[in-house]
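Take a look at the structure below.
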There are 2 protein chains.
Amino acid sequence: MSQNNNKIIEQINFGEGHRMTPQRRFVYEVLMGSIDHPTATEVFIRVKDKMDSISLATVYNCLDALVGVGVVRQVNVDREPSRYCGNLEPHAHFHCETCASVMDVDLKEGADPSNSVKLPRGAKVEKFELAVRGQCPECVRLKNKK
Amino acid sequence: MSQNNNKIIEQINFGEGHRMTPQRRFVYEVLMGSIDHPTATEVFIRVKDKMDSISLATVYNCLDALVGVGVVRQVNVDREPSRYCGNLEPHAHFHCETCASVMDVDLKEGADPSNSVKLPRGAKVEKFELAVRGQCPECVRLKNKK
DNA sequence: TTTTTATCAAGAACTATTCTAAATAATAAT
DNA sequence: ATTATTATTTAGAATAGTTCTTGATAAAAA
Ligand SMILES: [Mn+2]
Ligand SMILES: [Mn+2]
Ligand SMILES: [Zn+2]
Ligand SMILES: [Zn+2]
């Protein structure tokens, strides 16, 4: 449970006629305990440790359900497999082009990236996605060393 | 040829041992004549009009080649098929969640979206991708009408 | 209980994209 | 010019992430 946003799991409201299940709980717990934006397959592997019977299809279903109720975010990096993020604060992502890691980056206080853009007049903005790409500090350090 | 960035086609330099071909020229021309960010299949359909013999695999090859030399940009929207953009100016994209259109949005003068973010110290930024999502002006208008 | 509804699991199906291999075309070497 | 080399094209097969289908299981409602 290394993240701040984690709702008391029992309280997640899936809506009329939808249920909290052990599978959904495990998937959610794995995400709340990760900061590395795992893919569905990675989540599957991590959950399987706790619940050997779970299937990959179910992990996809659970992730969809959690994304659907808004307690988890789906993060796409080019054409690579989708990654999942338990951090609900507005934030951007830094993609390291060397080690392929994906990390959260907070917004500067009060900053709104969609303000840096000339929006088409009359458009209604719902949200933004900002990805910054380059080399993560560790990869920069490694490169400088050799 | 409705875009500004279009290099004189003959001058595109594919690098040592690479060639400009009719297929690559047609693909490039279609992109320079489009502002709607077509997918590979859409490019294929549009080129086929001019060159019936072209194959989809070749369109993918040509798009890769053009992206590789940097005269065309690949734009990804969630898990949907890649789209291609002939506008080389730094710009962001507005995705309409109603009609699924993708349009260019210019940056405000001097604005750099990656400035709105607290980068990890020591990271080296190479580029950014900013997507703004919501409803395009036309879809807003249509909705207000009814 | 019995009935209804939601979820799960396994595997089949789907689809955007990449790969393979043979044919063609352009370039370079003779 | 002829020949040899290399790049490109093409059609179709293969790949991989994801979604769909279906029968089994489990929870909730009656
Ligand atoms: Mn994140
Ligand atoms: Mn564009
Ligand atoms: Zn890195
Ligand atoms: Zn629209």
Side-chain angles (χ1 to χ4, degrees), chain A residues 9-10 12-30 37-69 71-84 100 102, chain B residues 9-10 12-30 37-48 50-69 71-85 100 102:
Chain A
I9 294 178
E10 310 303 330
I12 294 177
N13 179 16
F14 284 88
E16 191 57 44
H18 291 217
R19 302 168 187 158
M20 173 54 94
T21 66
Q23 288 86 349
R24 285 173 180 174
R25 194 189 322 281
F26 278 125
V27 168
Y28 183 71
E29 280 174 3
V30 159
H37 302 81
T39 64
T41 303
E42 285 162 351
V43 171
F44 173 59
I45 290 168
R46 294 175 200 184
V47 171
K48 212 157 192 330
D49 231 54
K50 301 282 176 62
M51 178 186 250
D52 188 57
S53 63
I54 201 170
S55 74
L56 178 57
T58 295
V59 170
Y60 274 106
N61 287 340
C62 292
L63 289 169
D64 280 359
L66 292 165
V67 169
V69 301
V71 294
V72 157
R73 288 172 49 177
Q74 186 168 7
V75 177
N76 293 302
V77 181
D78 299 333
R79 305 260 85 217
E80 286 163 31
S82 281
R83 295 170 171 275
Y84 295 86
V102 176
Chain B
I9 294 179
E10 310 305 329
I12 294 177
N13 180 17
F14 285 88
E16 190 59 43
H18 292 217
R19 303 166 187 159
M20 174 53 94
T21 65
Q23 289 85 348
R24 286 173 178 172
R25 193 189 324 280
F26 278 125
V27 167
Y28 183 71
E29 281 175 1
V30 158
H37 302 82
T39 64
T41 303
E42 286 163 350
V43 171
F44 173 59
I45 291 168
R46 293 175 200 184
V47 172
K48 210 154 196 325
K50 300 281 178 61
M51 176 186 250
D52 187 57
S53 64
I54 201 170
S55 74
L56 179 56
T58 296
V59 170
Y60 274 105
N61 288 341
C62 293
L63 288 169
D64 281 357
L66 292 165
V67 169
V69 301
V71 295
V72 156
R73 289 172 48 177
Q74 186 168 5
V75 177
N76 293 303
V77 181
D78 299 330
R79 306 256 85 217
E80 285 163 32
S82 281
R83 296 171 171 276
Y84 296 86
C85 173
V102 176

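Note that these values count all heavy atoms, side chains included, but never hydrogens, waters or copies made by symmetry. A, B, ... follow the sequence lines: proteins, then strands. Residue 1 opens every chain.
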What nucleic acid atoms does [X] come within less than 4.0 Å of, heavy atoms only: base, sugar-phosphate, or nothing?
{"X": "A:Ser82", "result": "sugar-phosphate"}
{"X": "A:Ser53", "result": "sugar-phosphate"}
{"X": "B:Asn61", "result": "base"}
{"X": "A:Thr21", "result": "sugar-phosphate"}

Whole Å only: how far is the [atom1] atom of [X] from the [atom2] atom of [N]?
{"X": "A:Met51", "N": "C:dC8", "atom1": "CE", "atom2": "P", "value": "8 Å"}
{"X": "B:Leu56", "N": "D:dA11", "atom1": "CG", "atom2": "P", "value": "10 Å"}
{"X": "B:Gln23", "N": "C:dA25", "atom1": "CD", "atom2": "P", "value": "10 Å"}
{"X": "B:Glu80", "N": "C:dT17", "atom1": "CD", "atom2": "C1'", "value": "16 Å"}
{"X": "A:Phe14", "N": "C:dT7", "atom1": "CZ", "atom2": "C1'", "value": "11 Å"}
{"X": "A:Asp78", "N": "D:dA16", "atom1": "CG", "atom2": "C1'", "value": "16 Å"}
{"X": "B:His18", "N": "D:dT8", "atom1": "NE2", "atom2": "C1'", "value": "11 Å"}
{"X": "A:Asn76", "N": "C:dA16", "atom1": "CG", "atom2": "P", "value": "15 Å"}

TODO: Given side chain to side chain donor-acceptor pair (under 3.5 Å), test B:Arg83 with B:Asn76 step by step and report yes or no.
DONE: CA-CA 6 Å; B:Arg83 296 171 171 276; B:Asn76 293 303; over 6 Å; no
TODO: With rounding to the nearest 0.5 Å, note down the distance linking SG in A:Cys62 to CZ in A:Arg24.
DONE: 6.0 Å
Open item on the list: What's the separation between atom CZ in A:Phe44 and atom OG1 in A:Thr58, rounded to the nearest 0.5 Å?
Closed with: 9.0 Å
The side chain of [X] is closest to which nucleotide in this list: [options]?
{"X": "A:Thr58", "options": "D:dT9, C:dA9, D:dT18", "result": "C:dA9"}
{"X": "A:Ile54", "options": "C:dA9, D:dT9, D:dT18", "result": "C:dA9"}
{"X": "B:Ala40", "options": "D:dT18, C:dT17, D:dT9", "result": "C:dT17"}
{"X": "A:Tyr60", "options": "D:dT18, C:dC8, D:dA11", "result": "D:dT18"}
{"X": "B:Arg19", "options": "C:dA25, D:dT9, C:dT17", "result": "C:dA25"}

Task: First of B:Ser55 and B:Arg24 reached from the 5' end of DNA chain D, by closest nucleotide - done: B:Arg24
- [ ] Please tell me which of B:Thr41 and A:Pro22 maps to the more 5' nucleotide of DNA chain C, matching each residue to the nucleotide holding its nearest heavy atom.
- [x] A:Pro22
Open item on the list: When you measure from the side-chain N and O atoms of B:Arg79 to the phosphate of D:dG17, is any distance below 4.0 Å, counting only OP1 and OP2?
Closed with: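 Result: no.
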Open item on the list: Test side chain to side chain contact (heavy atoms under 4.5 Å, CB included) on B:Tyr28 and B:Val71; report intermediate values, then the result.
Closed with: CA-CA 9 Å; B:Tyr28 183 71; B:Val71 295; 4.0 Å; yes
Open item on the list: Test your reading of the model: is there a side-chain donor-acceptor pair from A:His37 to the backbone of A:Val102, 3.5 Å cut-off?
Closed with: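 It does hold such a pair.
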